[in-house]
Amino acid sequence: MKCLITGGAGFIGSYLCEHLLAQGHEVICVDNFITGFKKNLRHLRLNSKFHFMEFDCSKPLALREKVELIFHFASPASPPKYQQFPLETLLVNSLGTYNLVELAKQNNASFIFASTSEIYGDPQEHPQRETYWGNVNPTGERSCYDESKRLGESIVMTNVRKFGLDGRIIRIFNTYGPRMDINDGRVITNFIQEILNNKPITINGDGNQTRSFCYITDLVKGILLIGLTEDLKGEVFNLGNETEITILSLAQKVQNLTNNHGNIQYNSMPQDDPARRRPDITKIKNRLHWEPEVSLDQGLINTIEYFKTNSV
Ligand code: UDP
């Protein structure tokens, strides 16, 4: 199949390019490097089925050839990065989604939208099922991301209903692994960077807030299933790992795995930081027989090892 991947130079996007190529598909990868990196694609450049375009996906994209499958994964995604680029984030998830859905319609292509657990905001339902509508502050610091992803979902579903678009939505929960940007400000990369540099671990708030972390290879297998399985038009899937952990326990786990028991520094809690987050993945387990395989300990060991050998 001929696939277009926006955000293909990002953390998740680059794994997606790699796995699609490994399955024999042709990949057109588009990225403007706002938070992605050329180095994430270096190992793919010599593959004759891989094509790259540097382009800002909030603008209409003209392709010379027809594509069958579009994965819209372009967007800053860590809280510090989307707050550094709030307008770009708003635009790529709103106007960008609109434009790429138009391209999908012209090509009669399937459209896979990378949404996020952030659309649930600070959830009042726990764990979060796909049927939950969320609890989002529409004007807060996180809203450039949360609300534009919500609008992106609405654009996809409106086109599914009105024009029969084969649109599918993936709500991606916290994901980690080798090749993350060590400076993106996410919790796992921050903790590893702090420990490897012998600095105190910085915890926001009291560390009792929870997250559920999915290892990148598990996540990508789920994305491919959602993208490549037939008859999923209009379906929304949570994708993530159900193992929930407090941020304080995560810090202690990273300390234990690195045998480095330095200080913990407590900072103030950022605005609208969700108190709890865990996906209900019953739907994807039942429909597509997907579930995560890599434990948090094993995934953290792999990630720490990666950052030890790739300078931080
Ligand atoms: N966090 C933290 N220390 C850090 C970075 C993040 O305690 O150095 C917290 C953050 O406030 C949040 C959780 O860890 O409660 C996960 O944050 P992250 O930025 O990784 O992603 P989020 O799930 O909030 O989008």
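Every number for a ligand or one of its atoms is a count from 1 in the order of the listing. This structure is a prediction, so every number in the text was calculated from the model and none was measured.
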Quiz item: For the side chain of Tyr132 and the backbone of His126, is there at least one donor-acceptor N/O pair under 3.5 Å apart?
Solution: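 No; zero donor-acceptor contacts below 3.5 Å.
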Quiz prompt | salt bridge (charged side-chain N to carboxylate O under 4.0 Å, His left out) assessment of Arg142 paired with Glu118 | solution = CA-CA 9 Å; Arg142 298 173 87 104; Glu118 291 266 324; 2.6 Å; yes
Self-check item: Centroid-centroid under 6.0 Å between Phe191 and Phe307 rings
Solution: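 No, they do not, as the ring centres are separated by 6.0 Å or more.
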Practice problem: Report yes or no: does Ser78 have a heavy atom closer than 4.0 Å to ligand 1? | Solution: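 Contact check Ser78 vs ligand 1: negative.
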Quiz item: Lys81: heavy atom below 4.0 Å from ligand 1, yes or no?
Solution: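 The answer is no, since Lys81 has no heavy atom less than 4.0 Å from ligand 1.
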Quiz item: CZ/Phe111 to CG/Leu103 distance, rounded to the nearest 0.5 angstrom?
Solution: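 Separation between the atoms: 9.0 Å.
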Self-check item: Separation between CZ of Phe71 and CG of Leu224, rounded to the nearest 0.5 Å
Solution: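 Answer for the CZ-CG pair, Phe71 versus Leu224, is 6.0 Å.
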Quiz item: So, is Arg186 polar-close to ligand 1, with some N/O to N/O distance under 3.5 Å?
Solution: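 Looking only at distances, the answer is no, because the N/O contact criterion of under 3.5 Å is not met.
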Quiz prompt | N or O contact, Val187 vs ligand 1, cut-off under 3.5 Å | solution =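 Yes, at least one N or O pair falls under 3.5 Å.
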Give the numbers and elements of all ligand 1 atoms closer than 4.0 Å to a heavy atom of [X].
X	value
Arg142	22 (P), 24 (O), 25 (O)
Ile203	7 (O)
Arg277	22 (P), 23 (O), 25 (O)
Ile247	7 (O), 13 (C), 14 (O)
Glu118	25 (O)
Thr202	2 (C), 3 (N), 4 (C), 7 (O), 8 (O)

Practice problem: Treating Ile, Leu, Val, Met, Phe, Trp and Tyr as nodes and any side-chain heavy-atom pair under 4.5 angstrom as an edge, say whether Trp290 and Phe113 lie in one connected cluster. | Solution: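 No, it is not one cluster - the side chains of Trp290 and Phe113 are not joined through contacts under 4.5 Å.
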Minimum-distance protein heavy atom relative to [atom]:
atom	result
atom 8 (O) of ligand 1	Asn190 ND2, 2.8 Å
atom 7 (O) of ligand 1	Asn204 N, 2.8 Å
atom 21 (O) of ligand 1	Asn174 ND2, 3.7 Å

Quiz prompt | Option set Ile264, Asp273, Thr116, criterion heavy-atom distance to atom 12 (C) of ligand 1, minimum | solution =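 Nearest heavy atom to atom 12 (C) of ligand 1 lies in Asp273.
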Quiz item: Does the side chain to side chain donor-acceptor pair (under 3.5 Å) test come out yes or no for Gln252 and Asn256, once each step is laid out?
Solution: CA-CA 6 Å; Gln252 289 160 345; Asn256 289 337; over 6 Å; no
Practice problem: Please say whether the positively charged group of Arg179, taken as NZ for Lys or CZ for Arg, lies over the ring of Tyr15, i.e. under 6.0 angstrom from the six-membered ring centre and within 45 degrees of the axis. | Solution: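 Checked: cation-pi criterion met.
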Quiz prompt | Under-4.0 Å heavy-atom contact with ligand 1, by part of Arg211 that carries it | solution =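 It is the side chain that touches ligand 1; the backbone stays farther off.
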Quiz item: Where does the angle between the aromatic ring planes of Tyr215 and Tyr176 fall among parallel (under 30°), tilted (30 to 60°) and perpendicular (over 60°)?
Solution: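 Plane angle over 60°, so perpendicular.
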Exercise. Assign the ring pair Phe173 / Tyr120 to parallel, tilted or perpendicular, where the plane angle (0 to 90°) is split at 30° and 60°.
Key: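 Rings of Phe173 and Tyr120: tilted, 30 to 60°.
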